[in-house]
There are 2 protein chains.
Amino acid sequence: MERQRVSIFDVARAAGVGVATVSRVLNSSPRVSPTTRARVEAAIEELGYHPSRLASGLSKGRQDMIAVLVPFITRPSVVSRLEGVIEVLDKSGYGTTLYSVASLSQRDRHLEYLMDRHASVGVIVISIPLSREHIASFRANGVQLSLIDTAGEDVPHVVVDDRVGGALAGMHLIGLGHRRIGFIGDEDLSGLGFASSYKRLTGLEDALVSFGRSLDRELIRLGPHGATTAKEMADDLLRLGNPPTAIFAASDTQALGVLRSAQANGLKVPDDLAVIGFDNLEVASIFNLSTIAQPLFESGVEGAQRLLCQLEGREVEQVKKVLRLELHARATTIRSAVGPMGTGLQRQLSAYV
Amino acid sequence: MERQRVSIFDVARAAGVGVATVSRVLNSSPRVSPTTRARVEAAIEELGYHPSRLASGLSKGRQDMIAVLVPFITRPSVVSRLEGVIEVLDKSGYGTTLYSVASLSQRDRHLEYLMDRHASVGVIVISIPLSREHIASFRANGVQLSLIDTAGEDVPHVVVDDRVGGALAGMHLIGLGHRRIGFIGDEDLSGLGFASSYKRLTGLEDALVSFGRSLDRELIRLGPHGATTAKEMADDLLRLGNPPTAIFAASDTQALGVLRSAQANGLKVPDDLAVIGFDNLEVASIFNLSTIAQPLFESGVEGAQRLLCQLEGREVEQVKKVLRLELHARATTIRSAVGPMGTGLQRQLSAYV
DNA sequence: GTGAGCTGTGGAAGCGCTTCCACAGCTTGA
DNA sequence: TCAAGCTGTGGAAGCGCTTCCACAGCTCAC
């Protein structure tokens, strides 16, 4: 039933040349005369030949594949990054394979498999911290690495300064007169070691400290990522005897939950409660949510480009690339004509150079 | 620099057996004595040997890889489905590769590559319509196929009845007394032929017709998917001399845009404007948005399981599997104590068997 | 005791490519 | 004119596996 595969040998015979010549045509080697090339191309066309990546990979000792390691593809921020990566990789000639990681064991299983030139020539890791040993193994096996939203010694990585971002949010709220600032962020249940939420909290503390104040542990809630859990945590915070007047959420998704909690509790935003998120997802602009914007899509593009750069044998100019964060002060922190969800005042402040 | 690859031959020598025996151990063939097996396993462990999928695939004439073809990974609904797929595939022993499709040419390029046992033994297609020829090609090449949210003759597919879903939404709104019902949906710019938005509109028409009414073309707006564009379309609709009293959005994302538009225009939901979406994403429950719920994650699980079923040589029991739709009537269509975003009345109606 | 039928094993061919090496037929410079 | 050096080409080895085939050493029924 299944039709016989057309191999390079069939093409060679049809074109009246040797297999080596066909291979040269396939790999666009200059060492082929135009006439021969045309004959071979005609034969390929006629037979409907598709070279086998498997055979080619085995023969070359490496597969022309790039692997992308991502956690939690449910998170919009991860998806945006991934989109940027795919955008670039898709026109690169490399195949792209996605590996989704949700647990330590899964991470290790995938990493072990990917540290092999037969599996991939390059790996892009998004938001997953890698150990020194991991990195060394990749290097030993000659597999290139490019990190996005996670750092690594001597490995090209593109990040933002989450701590500065947290400080930015903190300064904004403090500047608006808030003294009791709550924080809602992620608890790392996976054991993978995600640190961005924690760093953003540290940034908030920096801001408070620089104003002679300190972090109030009572106003911090950490839990699994998601709008629903964030709402519950916000409910909890707002039930306190002396509730916060502002809440900084570690992501826009969580900020949405906070917003929802405020409304359910009959609080007016931003008057009774100011809310600021992180990421600047589409929902943030839709709901006029104040947020710290980070270039998600661009981080993916950048990370992918840096991998390709290495694969072409060129040095990456700037091993650690820090992308810019920006405060988008919108209606959930700044009072405006139309109210929390209105089309009021919308300020964008450039963060730092 | 790069260390030499450990091959099956090295293992064979270390264990004092032939390569065939090592291969048998790797493929857990019963034809190996326990003692020999133990010796080989020890050698594998000691040498840190990892078999090459490339070589194995080439030798077997097929790669143990499953490809997943998805459009627009930005859409939360697609991501949920994908999550379900990955959940199942990840513990299946097959490698999983993701191919993202945003245009016709990209679709064809990927399909052409994937119809090859050297690329994958099975393909899961999410939401992308396939032609009869595509399907025939897969079959001719012995590559198994499983479709999610898209149909195909004689190919296992899991879908929902979007038209019924549309009717469900329509009946709900009509039952609440609405006579001018607007629709906001997708325009298929990609040329890939996505039909769900259109089918949902047809369902709305069915509902109207069954009540002796008809679809008012003036109240229909189609545009690129997204909350922002949906808001603009809703603004447009609400500016009409005789604006709709209810809007059915083809997805929750778009419904969010509608909600935003209502608020910006000073309309109270659901009194001045009722809004219903589709999908039942997390945002829907957060914002108490009425919606037609479809089992997204489950569709992914189901689709993946059916592919695995075929790969094991078993027949899929039900080629066309229709998943259930449910009306979740929440605060954006039904008045309640707390208002549009309150924790008011929340009814769930089972749709159909 | 002998042939048939196991079980466990190794050798080697072959999967479809790439690439090294050899070589034929040229062109060039001395 | 001839050695040297191109250019274009083909043959064949080899990438790391799987699997067919052969075979040794058994057991077992007759």
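In this text, all values refer to a predicted model and were calculated from it rather than measured experimentally. Letters A, B, ... are given to chains in the order of the sequence lines, protein chains preceding strands, and every chain is numbered from 1.
Look at OH on Y49(A): it is 10 Å from P on dG16(C), rounded to the nearest Å. Computed from coordinates, the L54(A) CG to dG16(C) C1' distance equals 9 Å when rounded to whole Å. Rounded to an integer number of Å, the gap from CZ of R31(B) to P of dA22(D) is 17 Å. To the nearest angstrom, P of dG16(D) lies 21 Å from CZ of R62(B). Nucleotide dT18(D) holds its C1' atom 12 Å from the CG atom of L58(A), rounded to whole Å. If you take NZ of K60(A) and P of dG16(D), they are 16 Å apart, rounded to a whole angstrom. When rounded to the nearest whole Å, the span between CG of L26(A) and C1' of dT19(C) equals 14 Å. Rounding to whole angstrom units, CD of residue Q63(A) and P of dG16(D) are separated by 14 Å.
Side-chain proximity of P51(B) to the nucleotides dT19(C), dC17(D), dG16(C) is greatest for dC17(D). Here dC17(C) is the nucleotide among dG16(C), dT9(C), dC17(C) with the atom lying nearest to any side-chain atom of I8(A).
Between the base of dG8(D) and the side chain of T36(A) there is no donor-acceptor pair shorter than 3.5 Å. Remark: the R24(A) side chain and the dG10(D) base include a donor-acceptor N/O pair separated by less than 3.5 Å. Between the side chain of R53(A) and the base of dG16(C), no donor-acceptor pair of N or O atoms lies under 3.5 Å.
Contact between the side-chain N/O atoms of S33(B) and the OP1/OP2 oxygens of dT9(C) is found at a separation under 4.0 Å. Listed pair S23(A) / dT18(C) meets the phosphate criterion, a side-chain N or O lying under 4.0 Å from OP1 or OP2. Contact annotation: T21(A) side-chain N/O to dG10(D) OP1/OP2 distance is under 4.0 Å.
Along DNA chain C, the nucleotide nearest to V22(B) and the one nearest to S59(B) differ in position, and the one closer to the 5' end is contacted by V22(B). Nearest-nucleotide positions on DNA chain D for V17(A) and F9(B) put V17(A) closer to the 5' end.
Within 6.0 Å of atom NZ in K60(A), more than 12 heavy atoms from other residues, nucleotides or ligands are found, so the atom counts as buried in its surroundings.
Side-chain contact of S299(B) with R81(B): a donor-acceptor pair under 3.5 Å is present, judged by distance alone. There is no side-chain donor-acceptor pair under 3.5 Å between H134(B) and S137(B).
Across all strands, S56(B) comes closer than 4.0 Å only to sugar-phosphate atoms, never to a base (heavy-atom distances).
The two residues H110(A) and Y99(A) make their nearest non-hydrogen contact at CD2-CD2, 3.6 Å.
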Problem set entry | Working for salt bridge (Lys or Arg N to Asp or Glu O under 4.0 Å), residues D10(A) and R5(A) | CA-CA 9 Å; D10(A) 303 315; R5(A) 193 182 178 85; over 6 Å; no
